[in-house]
Amino acid sequence: MLILVTGGAGFIGSHIVTALTGAGHEVRVIDALLPAAHRTDPPIPDGVDWRNADVRDGAAVADALRGVDAVCHQAAMVGLGKDFADAPDYVGCNDLGTAVLLAGMADAGVRRLVSASSMVVYGEGRYACSRHGIVRPGPRRPADLEAGRFEPPCPHCGDALTADLVTEDAPTDPRNVYAATKLAQEHLAAAWARSTGGRVAALRYHNVYGPGMPRDTPYAGVASLFRSALARGEAPRVFEDGGQRRDFVHVHDVAGANLTALDAADGLPEGGLRAYNVGSGDPHTVGEMACALAVAHAGLKPVVTGEYRLGDVRHITASSQRLRDELGWKPEVTFTEGMAEFAIAPLRAQ
């Protein structure tokens, strides 16, 4: 197949390109190389059809879609950003860019799409109260966070909750601008599929990490921030009390999930979107991840700061059983192996 990878020069996108070419697919890349994500020109693998263009450019997208069998859509502005002033950039890059791409696909007759979504569409994870069963706590109050009360209480009785794995049928509840744009991307893709008879796999990535993550940027994930601090000879700064639970999934496994979904695209529901969590299945706390990196890097011990960011959630861990059962994917890189590799792997200077 000839596969168009949008954002194919980015952290995840470049690993997907490598996986696709290694599997014998022809690959075309379109990437705007926006300064927020790229300070240097990325290496282009041999045999890849490279297009330096923005997915918001309809003419460039139409040209890039010629002869394409499927699209792997990774182009996006990621992370929480600095403050709400980033909102227009997020909406422009993520939602307008997706709309222009989908319109081009409709015109070009391309009907298979694998799109990068995110765990952030869920908001807080799955919680159970001993008295009220499964509950959905609202956003944490600034006063509680300021006082160091980081665990969300039961919204009915205020009791402590037990966190569990989130499945794809959980209600969505985006808590920040980035999350809202990722959910909007899913809605746009679903509308495109209904209109054209297309097939969509929306891969809801959990906390992706691995070699080639961007360095020293406020838009990077927490793993990159910790790794960047260690590279500077500084201690990783862990927000809250470090007890936030996440599912850290290696970028090699995320690339494999994209390859699996593209190869299985004909088996996806026609005229619809199917969401899949992409996680390791082995949750850890942010504090555990910081300690693992510091030990493997032989760096300074992490500092737990008690600081917080509005819009962050406390616990969000995935069940990726649907992706395993329906498409046959499974992660290969363990937490211990992945963190040991990442602790000494080179980062990308954007």
Side-chain angles (χ1 to χ4, degrees), residues 1-8 13 16 20 25-32 51 53-77 88 90-118 120-122 168-174 177-205 257-278 322-323 326-327:
M1 289 195 295
L2 173 57
I3 298 169
L4 174 64
V5 181
T6 71
I16 292 171
L20 291 173
H25 292 293
E26 295 180 83
V27 177
R28 181 176 295 156
V29 168
I30 183 171
D31 197 304
R51 313 289 178 91
D54 197 309
V55 291
R56 291 169 289 187
D57 181 339
V61 167
D63 184 62
L65 285 166
R66 297 183 192 279
V68 164
D69 298 297
V71 174
C72 184
H73 182 34
Q74 307 296 314
M77 188 173 176
Y90 275 104
V91 173
C93 288
N94 298 356
D95 298 339
L96 176 59
T98 297
V100 172
L101 173 68
L102 293 170
M105 292 175 66
D107 288 341
V110 181
R111 297 293 180 261
R112 286 181 285 187
L113 172 66
V114 174
S115 185
S117 187
S118 173
V120 296
V121 302
Y122 298 116
E168 292 87 350
D169 56 1
T172 54
D173 184 17
V177 171
Y178 171 62
T181 65
K182 297 309 288 185
L183 185 56
Q185 283 184 298
E186 288 195 19
H187 290 323
L188 287 167
W192 166 83
R194 286 192 296 271
S195 175
T196 65
R199 305 171 192 268
V200 184
L203 302 184
R204 292 173 175 171
Y205 302 157
N258 278 270
L259 178 60
T260 297
L262 285 163
D263 286 343
D266 286 339
L268 296 171
E270 184 177 347
L273 177 147
R274 188 71 166 158
Y276 295 97
N277 287 332
V278 183
R322 176 184 288 182
L323 186 57
E326 295 185 5
L327 302 186

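Numbers here simply count residues along the sequence, with the first being 1.
- Partners of Thr6 by side-chain hydrogen bond (donor to acceptor under 3.5 Å, both in side chains), not counting sequence neighbours, listed by chain and number: His73.
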Just distance, no hydrogens or angles: give the donor-acceptor pairs under 3.5 Å from side chains in residues 59-68, sequence neighbours left out.
from	atom 1	to	atom 2	distance (Å)
Asp63	OD1	Arg66	NE	3.3
Asp63	OD2	Arg51	NH1	2.7

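- Across Thr196 and Ala106, no two heavy atoms sit closer than the pair CG2-CB, 3.9 Å.
- Side-chain atoms of Asp69 come within 3.5 Å of backbone N or O of Leu2 as a donor-acceptor pair.
- Annotation for Val5 and Val27: closest pair CG2-CG1, 4.0 Å, computed over non-hydrogen atoms.
- Of all heavy-atom pairs between Asn94 and Ala76, the closest is OD1-CA, 3.2 Å.
- Considering only heavy atoms from C-beta on, Val121 comes within 4.5 Å of Leu183 through its side chain.
- Heavy-atom minimum distance, Leu327 versus Ala261: CD1-CA, 4.1 Å.
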Donor-acceptor pairs are to be reported for all side-chain atoms of residues 266-275 against protein atoms at under 3.5 Å, with residues two or more places apart or in another chain.
from	atom 1	to	atom 2	distance (Å)
Asp266	OD1	Arg112	NH1	3.3
Arg274	NE	Glu326	OE1	3.2
Arg274	NH2	Glu326	OE2	2.5

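- From Gln185, atom CD reaches atom CG of Asp95 across 6.0 Å, with rounding to the nearest 0.5 Å.
- The structure places OH of Tyr122 at 8.0 Å from OG of Ser117, a figure rounded to the nearest 0.5 Å.
- Residues Leu20 and Leu259 are in side-chain contact: their nearest non-hydrogen atoms beyond the backbone lie under 4.5 Å apart.
- A distance of 8.0 Å separates NZ of Lys182 from OH of Tyr205, quoted to the nearest 0.5 Å.
- Annotation for Asp31 and Gly8: closest pair OD2-N, 3.5 Å, computed over non-hydrogen atoms.
- The closest donor-acceptor contact from the side chain of Ser195 to the backbone of Trp192 lies at 3.5 Å or more, if one exists at all.
- Going from atom NE2 of His187 over to atom OG1 of Thr172 covers 5.5 Å, rounded to the nearest 0.5 Å.
- Nearest heavy atom pair, residue Pro174 against residue Ala180, reads CB-N, 3.6 Å.
- A donor atom on one side chain and an acceptor atom on the other are found under 3.5 Å apart for His25 and Asp263.
- Remark: Leu102 CG to Leu113 CG distance equals 6.5 Å, nearest 0.5 Å.
- Here the CG atom belonging to Asn258 is positioned 3.5 Å from the CD1 atom belonging to Ile16, to the nearest 0.5 angstrom.
- Checking side-chain atoms of Glu168 against main-chain N and O of Asn277 turns up a donor-acceptor pair under 3.5 Å.
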